[in-house]
Participant: 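Handing you a structure now.
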Amino acid sequence: MNAKVLFFLLWPSATLAQGFAGLGTDIDGFANPQPNPEFSFPRDHGPHPDYRIEWWYVTANMTGPDGTDYGLQWTLFRSALEPTTRQGWSDPQIWLGHAAVTTPDAHFVAERYGRGGVGQAGVTAAPFAAWIDEWALQGDRFDQLSLTAGGRDFHYDVDLAATGPLIFQGQDGYSVKSAEGQASYYYSQPFYELSGAISLLDQDIPVTGQAWLDREWSSQPLGQDQTGWDWFSLSFDDGTKLMAFQLRQTDGAPFTSGTWITADGNATPLPHGAVEVTPQQSHQVSGHTVPVTWQVLVPDHGVDTTISAVNPDAWMATSIPYWEGPVRITGTHTGVGYLEMTGYDH
């Protein structure tokens with residue numbers, strides 16, 4: 001679920017006990033997602049400052065000329081200290097950017113911070129632009145975007161062209177995250193074709209592939225007893241796609257959800273219990289034990305797959321660390337995807 005709220009380190013430390021990264025805190029005057037949302041575009045591609053948290057999130061599986069696999073991540077997070085905006089440094093909107101490139105044997109990561117109200121970071125809906133410093137995801141149309149970012153020893157400059165429709169996750173874009181009813185507004189564009197170049201250690205590499213963009217905003221998306229999540233975006237070779245996540249809880253019973261997406265863009269919500277994700281093999285990275293091989297089952301759609309990390313060491317050593325990287329799919333369905341795992345503290 002695109003787990004892009006790690007910038008909650010900017011909140012008082014007392015909130016961090018209330019669900020992962022403080023995401024179980026009370027609403028405190030912010031807006032709260034409601035069922036039966038009515039989206040309006042291009043407006044909703046832009047920011048929603050009356051909600052506490054929001055993100056614009058791109059992952060991509062790419063291939064170089066010699067067949068080497070690469071993964072790409074870019075995320076812009078917005079965190080509101082108050083449900084308003086102001087000009088200047090007193091603006092309560094705080095921004096954080098993450099960028100990464102993953103290869104089979106290396107993982108490159110960079111992080112940026114920004115403040116709203118001074119032009120350093122922000123999002124506009126039309127024409128669309130999401131930026132922090134010189135990092136930017138932008139384009140005259142949301143289905144034709146360019147993306148550029150980088151850090152020490154890596155950089156990417158790629159174009160994204162959508163070949164299918166937006167997908168509204170959950171029930172028409174209302175994505176429930178717990179049995180208690182915490183929820184977010186959540187839609188995706190999983191049909192981007194990617195072309196461009198990456199640079200690793202000063203070596204330029206042309207790449208092609210497919211990208212997945214997620215948009216999500218809320219004010220209290222998790223329950224206080226939810227400690228982290230495992231999120232999968234899977235693109236099968238037959239053209240179908242699957243978004244699935246489980247939210248781990250202190251009582252040991254995870255909450256699950258997902259969306260089955262046909263090749264032509266029809267979406268079917270998968271309610272709690274319709275997706276089963278089970279860790280198969282774990283790996284030690286940066287002092288943390290994380291599952292890097294999973295079984296993902298969707299019995300109603302005949303899915304019994306094994307999800308394996310391209311690089312088990314794809315640890316995001318950012319302000320609040322997490323694991324995120326490209327995966328490969330085998331079993332009843334084959335393909336590529338991305339996996340994000342948070343809350344693995346040991």
Side-chain angles (χ1 to χ4, degrees), residues 1-2 4 45 55-75 98-104 107 128 130 137-139 141-149 154 156-169 186-198 200 205-216 231-245 258-267 296 301 303 305-311 314 324-331 333-340:
M1 66 168 212
N2 333 345
K4 298 318 173 182
H45 296 320
W55 53 87
W56 296 254
Y57 167 46
V58 177
T59 56
N61 282 271
M62 309 174 297
T63 305
D66 63 354
T68 300
D69 291 326
Y70 301 97
L72 175 154
Q73 179 208 346
W74 186 87
T75 313
H98 285 176
V101 168
T102 306
T103 78
H107 185 63
F128 177 77
L137 176 69
Q138 58 191 337
R141 296 164 42 187
F142 202 72
D143 58 358
Q144 300 281 338
L145 299 177
S146 64
L147 172 61
T148 184
F154 82 98
Y156 48 75
D157 191 345
V158 297
D159 294 321
L160 310 177
T163 61
L166 295 176
I167 299 299
F168 295 90
Q169 309 287 5
Y186 181 10
Y187 68 88
S188 305
Q189 174 44 274
F191 292 104
Y192 282 120
E193 295 294 325
L194 176 150
S195 62
I198 62 175
L200 300 178
I205 306 167
V207 289
T208 57
Q210 49 189 295
W212 182 303
L213 183 148
D214 273 359
R215 284 281 293 114
E216 196 162 4
W231 173 87
F232 303 81
S233 62
L234 306 179
S235 297
F236 301 128
D237 290 334
D238 65 2
T240 57
K241 300 178 185 292
L242 171 67
M243 186 284 296
F245 62 81
T259 305
W260 181 259
I261 306 165
T262 64
D264 60 358
N266 288 319
V296 174
H301 293 276
V303 175
T305 55
T306 298
I307 311 302
S308 303
V310 171
N311 181 347
E324 182 154 32
V327 296
R328 295 297 174 262
I329 308 164
T330 58
H333 295 65
T334 58
V336 301
Y338 241 77
L339 167 61
E340 179 184 73

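The residues of the chain are indexed from 1 along the displayed sequence.
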Participant: How close do Ala161 and Gln144 get, counting heavy atoms only, and between which atoms?
Facilitator: CB-OE1, 3.8 Å

Participant: Does Asn61 use its side chain to pair, donor to acceptor, with the backbone of Gly337 at less than 3.5 Å?
Facilitator: yes

Participant: Please evaluate residues Thr102 and Val310 with respect to the criterion side-chain contact (heavy atoms from CB on, under 4.5 Å), reporting the C-alpha separation (whole Å), side-chain torsions for both, the decisive distance (0.1 Å), and the verdict.
Facilitator: CA-CA 8 Å; Thr102 306; Val310 171; 5.5 Å; no

Participant: CZ of Phe142 to CG of Leu160: how many Å apart, nearest 0.5 Å?
Facilitator: 9.5 Å

Participant: Locate the shortest heavy-atom distance separating Ser188 from Gln169; write the atom from each residue and the value.
Facilitator: OG-NE2, 2.8 Å

Participant: Assess whether side-chain hydrogen bond (donor to acceptor under 3.5 Å, both in side chains) is satisfied between Gln73 and Thr75, documenting all intermediate values.
Facilitator: CA-CA 7 Å; Gln73 179 208 346; Thr75 313; 3.1 Å; yes

Participant: Can you measure from OH (Tyr156) to CG (Leu72) and round to the nearest 0.5 angstrom?
Facilitator: 4.5 Å

Participant: Which heavy atom of Lys241 sits nearest to which heavy atom of Ser235, and what is that distance?
Facilitator: NZ-OG, 3.1 Å

Participant: Once rounded to the nearest 0.5 Å, what's the spacing between atom CG of Leu242 and atom OG1 of Thr259?
Facilitator: 8.0 Å

Participant: Keeping Asn311 on the side-chain end and Thr103 on the backbone end, is there a donor-acceptor pair under 3.5 Å?
Facilitator: yes

Participant: Looking at Val207 and Met62, what are the two nearest heavy atoms and their distance?
Facilitator: CG2-SD, 3.8 Å

Participant: Side chains of Val327 and Leu234: does their closest heavy-atom pair fall under 4.5 Å?
Facilitator: yes

Participant: What distance do Thr305 atom OG1 and Phe236 atom CZ have between them, rounded to the nearest 0.5 Å?
Facilitator: 5.5 Å

Participant: Can you see which heavy atom on Phe191 is nearest to which on Ala263, and at what distance?
Facilitator: CE2-O, 3.8 Å

Participant: Quick check: closest heavy atoms across Pro190 and Pro165, and the distance to 0.1 Å?
Facilitator: CD-O, 4.1 Å

Participant: Nearest 0.5 Å, what's the CD1-CD1 distance between Ile329 and Ile307?
Facilitator: 4.5 Å

Participant: Taking the side chain as everything from C-beta on, heavy atoms only, tell me whether His301 gets closer than 4.5 Å to Thr240.
Facilitator: no

Participant: Taking the six-membered ring where the residue is Trp, are the ring centres of Phe154 and His107 under 6.0 Å apart?
Facilitator: no

Participant: With respect to Gln210, which candidate in Thr59, Val336, Thr63 satisfies the side-chain contact (heavy atoms from CB on, under 4.5 Å) definition?
Facilitator: Val336

Participant: Is Leu145 close to Leu147 at the side-chain level, that is, under 4.5 Å between some pair of heavy atoms?
Facilitator: no

Participant: Can any side-chain N or O of Thr306 pair as donor or acceptor with the backbone N or O of Thr330 at less than 3.5 Å?
Facilitator: no

Participant: Just so I know, are the side chains of Thr148 and Trp74 near enough to count as touching, which here means a heavy-atom distance under 4.5 Å?
Facilitator: no

Participant: Report the distance from atom OG1 of Thr163 to atom OH of Tyr192, rounding to the nearest 0.5 Å.
Facilitator: 10.5 Å

Participant: Using modelled atom types and a 3.5 Å cut-off, is there a donor and acceptor pairing between side-chain atoms of Arg215 and backbone atoms of Trp55?
Facilitator: yes

Participant: Do Asp214 and Tyr186 have side-chain atoms, one donor and one acceptor, less than 3.5 Å apart?
Facilitator: yes

